[in-house]
Amino acid sequence: MRNAFYAQSGGVTAVINATACGLIETARRFSLQMGTVFAGCDGIVGGLTNQLIDTAQLTTDQLASLRHRPGGVFGSSRYPLLDRVSHRDQYLRLLDVFAANDIAYFFYNGGNGSMQTAHEVASFAKEAGYSLAVIGIPKTIDNDLVHTDTCPGFGSAAKYVATSVREVSLDVAAMCRSSTQVYVFEVMGRHAGWLAAAAGLAAQCADNGPHLILFPEVPFNEVDFLARVKATVERVGYCVVVAAEGICSPTGEAIACDIGGVHSHGEPGRVGSALVKRIHEVLGYKLHWTLVDYLQRTAGHLVSATDQEQAYALGAAAVEKALAGESNIMLTLERLSDEPYRWLIGQVALNQVAGAERKMPKAFIDETGYHITEACRRYLLPLIAGESWPPYRDGLPDYPRIDLKISSAV
């Protein structure tokens with residue numbers, strides 16, 4: 001009976017700990033087949049430094065509380081473990097740590113880059129003759145992993161974005177005659193417009209916000225955009241714009257590059273600031289803008305019940321797949337029907353996921369290029385369905401403090 005290593009990677013989500021909960025609870029049920037589940041302190045960094053967290057220290061109640069806890073309870077990181085040829089020493093170090101802790105199962109919970117890393121680890125271990133089952137578990141609010149219908153974390157972020165846009169639209173509508181006439185709401189999405197599309201669910205009729213959605217998949221035409229803003233204000237009295245952070249000009253230049261904003265990924269950001277600057281300069285409207293940033297991925301008080309259920313189920317399935325002898329795969333979610341919404345868990349080889357990116361299909365963006373289609377609504381609605389409230393205390397979500405001890409490095 002050998003041990004397992006679980007690591008959270010990249011930007012955390014409102015449901016990533018639900019995946020951890022599903023995985024650890026299932027491993028405990030299979031305790032005769034799988035030994036200790038170690039979690040990496042700060043993700044893969046914990047594996048490289050032998051800073052491991054024995055999840056056996058979590059009580060049954062603490063473990064159950066992870067279903068509702070946002071953030072990453074064990075810590076995450078964006079540490080790049082690059083290709084196994086030029087960075088052989090890192091992979092040797094990781095296998096040394098795995099061997100020292102008798103680890104035969106590696107579960108990596110992350111997005112595109114994480115699936116590339118998982119594939120490299122699986123390949124290196126095989127080449128080195130080290131027995132290691134590697135299972136990738138999808139996670140990203142960007143919803144841009146290929147070969148899966150959706151990614152855990154996205155549904156809850158989409159629910160937060162759509163809710164916020166609906167509410168702010170009501171606020172602007174109430175004040176537009178004497179105050180704000182244009183509101184720009186910037187969401188994450190460097191290359192794919194899934195979160196921006198989710199805002200489209202907020203509109204209950206044609207004149208509700210958001211009136212204009214800017215997708216990375218559609219080249220930004222400033223003249224046309226400003227004309228549409230003006231026409232909307234003249235028709236409705238106000239205009240709510242949702243912009244993905246990664247929108248670009250027809251020549252591929254990031255819209256916000258002229259203001260010098262840079263995200264942690266090294267790409268231009270704060271597109272909302274650039275947009276309101278131009279709207280004010282050209283049209284002179286009173287306006288406000290919001291950079292939702294981490295808020296859209298940390299809202300544990302507004303998770304999608306569907307998203308939480310899928311996140312938990314993938315964690316549980318990862319253990320079952322590993323014990324069944326599977327390796328070098330990423331688990332997937334396969335949609336069977338829209339209404340009623342039915343899904344199952346599948347799998348795909350990691351080398352078919354690594355380095356690929358799923359963008360919004362043309363059928364999901366309407367003919368104007370500024371809103372979503374009915375097909376997109378049918379896709380999105382089941383993913384935000386249902387509420388799973390965390391426990392509350394003194395009027396606030398009660399996310400209990402969990403102090404975890406880390407094993408010393410060797």
Side-chain angles (χ1 to χ4, degrees), residues 3-25 27 36-59 62-82 90 93-94 97-98 100-101 103 105-118 121 134-142 151-153 156-157 188 263-265 293-300 303 308 311-312 314-315 318-319 390 397 399-410:
N3 302 322
F5 176 73
Y6 166 75
Q8 298 175 332
S9 177
V12 293
T13 76
V15 298
I16 191 171
N17 291 323
T19 295
C21 179
L23 189 149
I24 298 166
E25 286 187 343
T36 300
V37 176
F38 292 107
C41 178
D42 298 331
I44 198 69
V45 172
L48 292 168
T49 60
N50 202 29
Q51 297 285 301
L52 307 183
I53 298 168
D54 183 346
T55 63
Q57 66 189 283
L58 288 165
T59 67
Q62 286 176 328
L63 182 54
S65 76
L66 298 189
R67 280 180 176 262
H68 296 284
R69 184 188 181 94
V73 69
F74 306 115
S76 184
S77 73
R78 295 191 186 277
Y79 184 83
L81 199 61
L82 303 177
Q90 289 184 318
R93 170 58 179 167
L94 191 63
V97 171
F98 284 0
N101 293 281
I103 290 169
Y105 308 99
F106 173 34
F107 303 106
Y108 208 25
N109 197 180
N112 305 68
S114 305
M115 296 307 119
Q116 177 68 51
T117 295
V121 171
V134 179
I135 309 293
I137 309 174
K139 171 249 41 155
T140 174
I141 69 166
D142 291 331
C151 303
S156 295
M188 290 181 176
H263 285 313
S264 59
H265 290 272
D293 203 41
Y294 283 10
L295 297 177
Q296 61 208 300
R297 74 184 197 202
T298 59
V303 301
Q308 186 184 75
Y312 182 93
L314 285 167
V319 171
Y399 303 131
R401 179 186 176 96
I402 300 177
D403 294 316
L404 297 170
K405 296 179 181 179
I406 303 170
S407 64
S408 59
V410 295

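Quick note: numbers below take in every heavy atom, side chains included, and nothing from hydrogens, waters or symmetry partners. In this text, all values refer to a predicted model and were calculated from it rather than measured experimentally.
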Next on the checklist: Is it the case that the side chain of Q308 and the backbone of R67 share a donor-acceptor pair, with hydrogens and angles ignored and the cut-off at 3.5 Å?
Outcome noted: yes
Checklist entry - Closest approach of P390 and P397, non-hydrogen atoms and distance? => result CG-CB, 4.1 Å
Item to check | For the student: nearest non-hydrogen atoms of Y312 and G22, plus distance | outcome: CE1-CA, 3.2 Å
Item to check | Straight-line distance of I16 CD1 to T298 OG1, nearest 0.5 Å | outcome: 13.0 Å
Checklist entry - Looking at S114 and Y108, what are the two nearest heavy atoms and their distance? => result O-CD2, 3.2 Å
Item to check | Heavy-atom closest pair, residues T36 and N3 | outcome: N-OD1, 2.8 Å
Checklist entry - How about T55 and L404: do any of their side-chain heavy atoms sit closer than 4.5 Å? => result no
Checklist entry - side-chain hydrogen bond (donor to acceptor under 3.5 Å, both in side chains): which pairs involve residues 10-20, sequence neighbours left out? => result Q8-N17
Checklist entry - Quick one: are D142 and N112 in side-chain contact, heavy atoms under 4.5 Å? => result no
Item to check | side chain to side chain contact (heavy atoms under 4.5 Å, CB included) between L23 and I137, intermediate numbers included | outcome: CA-CA 10 Å; L23 189 149; I137 309 174; 3.8 Å; yes
Checklist entry - Any side-chain heavy-atom pair from S407 and D54 closer than 4.5 angstrom? => result no
Next on the checklist: Using side-chain heavy atoms (C-beta onward) and a distance below 4.5 Å, is V12 in contact with P70?
Outcome noted: no
Checklist outcome for this item: dist N109:CG -> K139:NZ (nearest 0.5 Å) comes out at 7.5 Å
Checklist outcome for this item: Closest non-hydrogen atoms of R69 and V73, given as atom of the first, atom of the second and distance, are NE-CG2, 3.8 Å
Next on the checklist: Could you walk me through whether V121 and I44 satisfy the side chain to side chain contact (heavy atoms under 4.5 Å, CB included) test, starting with their C-alpha distance in whole Å, then the side-chain angles of each, then the deciding distance to 0.1 Å, before giving a yes or no?
Outcome noted: CA-CA 11 Å; V121 171; I44 198 69; 5.6 Å; no
Checklist entry - Any donor and acceptor pair, going by atom type alone, linking the side chain of S76 with main-chain N or O of G10 inside 3.5 Å? => result yes
Checklist entry - Under 4.5 Å between any side-chain heavy atoms of Y294 and M188, yes or no? => result yes
Checklist entry - What pairs with F98 under ring-ring contact (aromatic ring centres under 6.0 Å, His included), at least two apart in sequence or on another chain? => result F5, F106
Item to check | Ion pair D403/R401, N-O distance below 4.0 Å | outcome: yes
Checklist outcome for this item: In short, I141 meets G153 closest at the heavy-atom pair CG2-O, 3.5 Å
Checklist entry - Do the side chains of I402 and S65 get nearer than 4.5 Å, heavy atoms only? => result yes
Checklist entry - So how far is it from N101 CG to N50 CG, rounded to the nearest 0.5 Å? => result 5.0 Å
Checklist entry - Is there side-chain contact between V319 and Y105, with at least one heavy-atom pair below 4.5 Å? => result no
Checklist entry - Are side-chain heavy atoms of D42 and Y79 found at a separation under 4.5 Å? => result no
Checklist outcome for this item: Rounded to the nearest 0.5 angstrom, the OG-CZ distance for S9 and R78 is 8.0 Å
